[in-house]
Every structure is written in structure tokens, then in C-alpha cells.
2 protein chains.
Amino acid sequence: MTLRAMTDEAGDIEMILGTRAVVEMLSGKWNVDILYLLATGTRRYSEVLYEVGEISKKTLTQTLRALERDGLVVRREIPGVVARVEYSLTPLGWSITEPLMAMYEWAARHLSAAGRYGERLAA
Amino acid sequence: MTLRAMTDEAGDIEMILGTRAVVEMLSGKWNVDILYLLATGTRRYSEVLYEVGEISKKTLTQTLRALERDGLVVRREIPGVVARVEYSLTPLGWSITEPLMAMYEWAARHLSAAGRYGERLAA
DNA sequence: CGGTATCCAGCCCGATACTG
DNA sequence: CAGTATCGGGCTGGATACCG
């Protein structure tokens, strides 16, 4: 669907609000990383901490809580002697991989050729 | 294309970097608004200032410069007695409306049903 | 193990005032 | 008209230490 066809049937304001909402859900230094990680399977807190890299525990908790509030991630406590928590994508979380793919494909077609996102983030 | 098919042929790191790059280009309070505005046609600085709403001149200039550095927007000075500058989308700027549409469509399908976009969702 | 509590630096963004 | 200069508040994210 094109932008033009879109603007004909949806108010520009709704488009702005909707798009902004998605961008905000994905904004933050680690949101995309965590979403992609959980898309490869459920992880425990400490696994996310280790696999994401240099993220601090505070920031990890903050980010996971935000993703949870947005309905993209579920937090599940596993009963036991020691604390054990698992995080995984919700159906909504899975569905957002579609726009995520659209973004990646766009970047691959328009940015990677120019080597334009190599310096954006050193992970 | 699915996430799974994607991860098979592209490194996870490239996916993260590419997606992050797009999110960063769109992050910021006014980026999406300005992109959608310019998608409806070229505007002068003062027109953008008025049509976007409560944005300050400083922030508008900052945002336009950032979009320009990212190659999404062109700035053109029109010779004349008084200063006059026009902003419009580049081909790259036009092309990014595709992921933008993907985000809006996702929001329309998954978020608008739950009410306002500002609200959080239940899992 | 899976978090909180605290402190703190940096940046994003706005308000206001001034300029070629 | 299209900015820049300056000031400052608020939020984000990291460092470190502590806890059930």
C-alpha cells in the first residue's frame, strides 16, 4: 500500500500517532536487540544479560519492564528454591517482527550498500 | 519474508544494526511528523514550523539537520532578497515511507483496537 | 538468581532572546 | 525569514552496592 492511498483513507493524525507509537516501543538502546534475541527463543534473565552484552542489570530490567507494559514480552516466574524468571515474546511481540523485518530489509537495501550503519552502533 | 527465513541468510548482528539504524533515524519527538508532512509536499521552514505545531525553532532546525545528515531530507536555499529555504524528501526519504507504512499498519491492526495509542496494552 | 537503591553524567528538548 | 545563542529542566542510561 502506498503513502498516498493511505492518506486517503486514514487521517494523517492517526498515521502519525500509530507510527510514533511503534517507534517509541522500539526506541531505547536495547529494545531491538532484546526483541530479536527473544525471537530466537525464551531466555532467563541472566541469559539475556549475558547474551545482549554490555547492558547493565538496571537497564535490562527497565527495558524488559517497558516491553512487558507494551505487551510485547511476557515475564514468567518459575517456582523453585532459587529465583528463576523467563522472558519470551507474546503473540503481539511476534507480530511486531513484521515491521521489524520491513525496517531491516529497507536498511539492507538502502544503507548497507553505502556502509552507512557500521558506525551507528558498535555492539 | 519471515524472521526465521531472515535469520538463516543474514547475520543476526546485521539485522540488529540495520533495524536499529532505522529506529534511530526515526527516533526523536518530531521526526515522524516531519517526514509525513514532507511526504505531502515540499515546505518552507516557516511552514514546517507552523504545521508541525508546538515545536520550537531550535528543535525544528536540529531535527531537520539530522534528517538531512541521514539523507532523508534535502535543504534548498532559494536566492532572493529575504532568506527562503525549502525542505523536501529525497528519494531515500520517499523510500523510507515503506517501513513507515508497515509500522502504521501494524499499529492500526494491533493497537488502535485497544483504544488510544498513548495507552499501554494488556498482554 | 534476579532484581532494587542510590548517585550521577549526558543529552534531548523547550523557552527566550537576538541576528543577517 | 530562517535561523543561532544561551540557559536550564527532565529523562535516559550507566556504575556500584546491597537484598530476598
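Chain A is the first sequence line, chain B the second, and so forth, proteins listed ahead of strands; every chain is numbered from 1. All heavy atoms count here, side chains included; hydrogens, waters and symmetry mates do not.
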Novice: Among D/dC1, C/dG3, C/dC1, which is the nearest nucleotide to the side chain of A/R44?
Specialist: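 The answer is C/dC1, which lies nearest to the side chain.
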
Novice: Could you state the atom-to-atom distance from CD of B/E24 to P of D/dG13 in whole Å?
Specialist: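 To the nearest whole Å, that distance equals 11 Å.
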
Novice: Are any non-hydrogen side-chain atoms of B/S88 and B/V73 less than 4.5 angstrom apart?
Specialist: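 Sidechains of B/V73 and B/S88: no contact.
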
Novice: As a quick check of understanding, evaluate side chain to side chain donor-acceptor pair (under 3.5 Å) for B/S46 and B/R43, giving each step before the final call.
Specialist: CA-CA 8 Å; B/S46 54; B/R43 298 296 148 97; over 6 Å; no

Novice: Give the C-alpha distance, both sets of side-chain angles, the deciding distance and a yes or no for side chain to side chain donor-acceptor pair (under 3.5 Å) between A/Y36 and B/T19.
Specialist: CA-CA 10 Å; A/Y36 274 130; B/T19 308; 2.6 Å; yes

Novice: Quick one, A/L100 and A/L26 - any side-chain contact, counting heavy atoms below 4.5 Å?
Specialist: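 Side chain of A/L100 against side chain of A/L26, heavy atoms only: contact under 4.5 Å found.
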
Novice: Quick one: do B/R84 and B/E77 make a salt bridge, cutoff under 4.0 Å?
Specialist: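 No.
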
Novice: Is there a side-chain contact between B/I78 and B/V85, using heavy atoms and a 4.5 Å cut-off?
Specialist: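 Contact flag for B/I78/B/V85 side chains = no.
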
Novice: So, is B/Y87 close to the D/dG3 phosphate, meaning a side-chain N or O under 4.0 Å from OP1 or OP2?
Specialist: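 B/Y87 to D/dG3 OP1/OP2: side-chain N or O found under 4.0 Å.
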
Novice: Using atom CD of A/E54 as one end and atom P of D/dG13 as the other, report the distance to the nearest whole Å.
Specialist: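 Spelled out: CD on A/E54 to P on D/dG13 is 14 Å.
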
Novice: Return whichever of A/L64 or B/V82 has its heavy-atom-nearest nucleotide of DNA chain C closer to the 5' end.
Specialist: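 Here A/L64 is the residue nearer the 5' end.
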
Novice: Using whole Å, report how far CD of A/E77 lies from C1' of C/dG3.
Specialist: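 Going from A/E77 (CD) to C/dG3 (C1'), I get 10 Å.
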
Novice: So, is A/R75 close to the C/dG3 phosphate, meaning a side-chain N or O under 4.0 Å from OP1 or OP2?
Specialist: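 Yes, within the criterion.
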
Novice: If you round to the nearest 0.5 Å, how far is OH of B/Y45 from CD of B/E86?
Specialist: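 The OH atom of B/Y45 is 15.0 Å from CD of B/E86, to the nearest 0.5 Å.
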
Novice: CD of B/Q62 versus P of C/dC12: gap in Å, rounded?
Specialist: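 That distance rounds to 8 Å.
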
Novice: Please report the distance, rounded to the nearest Å, between OH in B/Y50 and P in D/dC1.
Specialist: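 After rounding, the reported distance stands at 13 Å.
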
Novice: Could you give the NZ-to-C1' distance, from A/K29 to D/dC11, as a whole number of Å?
Specialist: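 It works out to 15 Å between those atoms.
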
Novice: So if I take every side-chain heavy atom of A/V85 and compare against C/dG2, D/dG3, C/dC13, which nucleotide ends up nearest?
Specialist: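 The listed nucleotide nearest to A/V85's side chain is C/dG2.
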
Novice: For D/dG3, does OP1 or OP2 lie under 4.0 Å from any side-chain N or O of B/T61?
Specialist: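 B/T61 to D/dG3 OP1/OP2: no side-chain N or O under 4.0 Å.
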
Novice: Check every atom of C/dC1, C/dG14, D/dA2 against the side chain of B/S56 and return the nucleotide holding the closest atom.
Specialist: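 The nucleotide sitting nearest to the side chain is C/dG14.
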
Novice: With the criterion being N/O to N/O and under 3.5 Å, what pairs connect the protein with nucleotides 18-20 of chain D, and how long is each?
Specialist:
none

Novice: Let me spell it out: for each of A/T63 and B/E47, pick the nucleotide of DNA chain D with the closest heavy atom. Which residue's pick is nearer the 5' end?
Specialist: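 Mapping each residue to its closest nucleotide by heavy atoms, the 5'-most match is B/E47.
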
Novice: Does the side chain of A/R76 get closer than 4.0 angstrom to OP1 or OP2 of C/dG2 through an N or O atom?
Specialist: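 Checking A/R76 against C/dG2: no side-chain N or O falls below 4.0 Å of OP1 or OP2.
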
Novice: Quick one: B/I55 CD1 to C/dC12 C1', roughly how many Å, whole number?
Specialist: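 My rounded result for the distance is 12 Å.
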
Novice: Quick one: is B/W30 getting a side-chain N or O under 4.0 Å of the C/dC12 phosphate, OP1 or OP2?
Specialist: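 For C/dC12, neither OP1 nor OP2 has a side-chain N or O of B/W30 closer than 4.0 Å.
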
Novice: D/dG3, C/dG2, C/dT4: which one has an atom nearest the side-chain heavy atoms of A/R84?
Specialist: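 Per side-chain heavy atoms of A/R84, the pick is C/dG2.
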
Novice: Output yes when B/E68 and B/R75 qualify as a salt bridge under the 4.0 Å nitrogen-oxygen rule, no when they do not.
Specialist: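 Not counted as a salt bridge, because no side-chain N and carboxylate O are separated by less than 4.0 Å.
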
Novice: Looking at every strand, decide which applies to B/T59 at a 4.0 Å heavy-atom threshold: base, sugar-phosphate, or nothing.
Specialist: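 Base contact.
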
Novice: Is there side-chain contact between B/V22 and A/W106, with at least one heavy-atom pair below 4.5 Å?
Specialist: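 Yes. Closest side-chain heavy atoms under 4.5 Å.
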
Novice: Distances for protein N/O vs nucleotides 5-10 of chain C N/O pairs under 3.5 angstrom?
Specialist:
none

Novice: Measure CZ/A/R43 against P/C/dC1 and give the value in whole Å, please.
Specialist: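 Spelled out: CZ on A/R43 to P on C/dC1 is 16 Å.
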
Novice: Within the structure provided, determine whether A/M25 and A/L72 are in side-chain contact (heavy-atom separation under 4.5 Å).
Specialist: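 Yes, close enough: below the 4.5 Å cut-off.
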
